[in-house]
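All remarks here apply to the structure that follows.
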Amino acid sequence: MVLPCLYIGPTENMGRGVFTDEDLALGTIIEIAPVIVMSAADREHLDKTLLHDYIFIWNPPSGQCCMALGYVPIYNHSYEANCLYEMDYDDETIKVTVVKEVKAGEQLFINYNGDPDEKEPVWFHKEGS
């Protein structure tokens, strides 16, 4: 499920991103995306490819990862994200919900750390990266 008001468009310095052409209220579920779950061994291989930047850690104790379908891989990162992603391990989906009001034309962001306001540097902002 992807709301019909969402679209993928170019960004100034992040390649592509997900945008909305309608205002979105706090609490709006904008996407529920199925995922393809992969093993820890698969993740080792994927970490050596460009797909590393698009996969999610899945069920952390297992070492698994997943590739989300839909728009989920295209949401860009922000330390002050306006959306939250949540994983449903039973249904094998990722749900994206608005956590700060969004105006039409604005880009939708998730925090790759999980918590929308988490300030821990993500892998591409860490020293030496």
Side-chain angles (χ1 to χ4, degrees):
M1 181 283 291
V2 176
L3 284 185
C5 63
L6 301 186
Y7 64 94
I8 295 173
T11 68
E12 192 170 310
N13 57 4
M14 297 177 163
R16 295 177 293 178
V18 181
F19 296 82
T20 178
D21 62 13
E22 295 178 9
D23 292 350
L24 297 172
L26 180 72
T28 302
I29 297 171
I30 57 175
E31 181 169 4
I32 300 174
V35 302
I36 300 169
V37 178
M38 293 167 277
S39 70
D42 290 337
R43 182 177 172 197
E44 284 185 43
H45 293 293
L46 291 167
D47 283 346
K48 298 173 188 170
T49 72
L50 178 61
L51 287 177
H52 167 269
D53 292 347
Y54 297 94
I55 60 174
F56 289 78
I57 295 171
W58 188 259
N59 193 12
S62 72
Q64 293 174 310
C65 68
C66 76
M67 181 71 196
L69 303 177
Y71 289 178
V72 171
I74 308 298
Y75 292 90
N76 286 310
H77 167 76
S78 173
Y79 293 110
E80 297 175 2
N82 51 19
C83 295
L84 168 72
Y85 71 90
E86 297 173 281
M87 298 176 173
D88 184 325
Y89 299 119
D90 293 330
D91 288 341
E92 296 188 346
T93 60
I94 294 178
K95 176 173 68 173
V96 182
T97 305
V98 174
V99 294
K100 297 176 184 171
E101 290 185 2
V102 180
K103 298 292 182 196
E106 289 184 349
Q107 186 174 178
L108 303 167
F109 292 96
I110 59 175
N111 185 321
Y112 292 176
N113 288 313
D115 181 335
D117 294 312
E118 173 63 47
K119 303 298 188 225
E120 176 71 25
V122 293
W123 75 94
F124 54 84
H125 287 158
K126 290 189 179 187
E127 194 169 323
S129 296

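Counting begins at 1 with the first residue of the sequence.
- Between V35 and M67, every side-chain heavy-atom pair lies at or beyond the 4.5 Å cut-off.
- Each of V2, L84, I29, V72 was evaluated against V96; a single residue qualifies, V72, per the side-chain contact (heavy atoms from CB on, under 4.5 Å) test.
- No path of Ile, Leu, Val, Met, Phe, Trp and Tyr side chains, each step under 4.5 Å between heavy atoms, connects I32 with V99, placing them in separate hydrophobic clusters.
- L69 places a side-chain heavy atom less than 4.5 Å from the side chain of P34.
- Clustering ILVMFWY residues whenever any of their side-chain heavy atoms sit less than 4.5 angstrom apart, transitively, puts Y54 in the very cluster that holds M38.
- Aromatic ring orientation, Y85 versus F56: perpendicular (interplanar angle above 60°, classes split at 30° and 60°).
- Side-chain contact between T11 and R16 is absent, with no heavy atoms from C-beta onward closer than 4.5 Å.
- Separation of atoms CG (L6) and CG (D21) is listed at 8.0 Å; rounding is to 0.5 Å.
- Between the side chain of E92 and the main chain of Y89, no donor-acceptor pair closer than 3.5 Å is present.
- With contacts defined as side-chain heavy-atom distances shorter than 4.5 Å, the pair M87/W58 qualifies.
- Under the side-chain contact (heavy atoms from CB on, under 4.5 Å) test applied with C83, the options T28, V18, I110 reduce to a single match, I110.
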| Stepwise, does the side chain to side chain contact (heavy atoms under 4.5 Å, CB included) test hold for D88 with K95? | CA-CA 8 Å; D88 184 325; K95 176 173 68 173; over 6 Å; no
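- The shortest non-hydrogen separation linking G9 to F19 is O-CE1, 3.5 Å.
- Heavy atoms from other residues, nucleotides or ligands lying under 6.0 Å from CD1 of I8 number more than 12.
- Q107 and Y75 share no donor-acceptor pair across their side chains, judged by distance under 3.5 Å alone.
- Side-chain atoms of E101 and L24, non-hydrogen and from C-beta on, never get closer than 4.5 Å to each other.
- Side-chain contact between L108 and I30 is present, with heavy atoms from C-beta onward closer than 4.5 Å.
- Note: Y112 OH to H77 NE2 = 7.5 Å, rounded to the nearest 0.5 Å.
- Put simply, the side chain of M14 reaches to within 4.5 Å of the side chain of F109, judged on heavy atoms.
- A donor-acceptor distance shorter than 3.5 angstrom exists from the side chain of D23 to the backbone of A104, with no hydrogens or angles considered.
- Counting heavy atoms from C-beta on, the side chains of P73 and D53 never come closer than 4.5 Å.
- Atom CG of N82 and atom OG1 of T97 lie 12.0 Å apart (nearest 0.5 Å).
- Counting only residues at least two apart or on different chains, the side-chain hydrogen bond (donor to acceptor under 3.5 Å, both in side chains) pairs with a member in residues 39-48 are S39-D42.
- For the side-chain contact (heavy atoms from CB on, under 4.5 Å) with C66, the qualifying choice from I55, T93, I94 is I94, the only one to do so.
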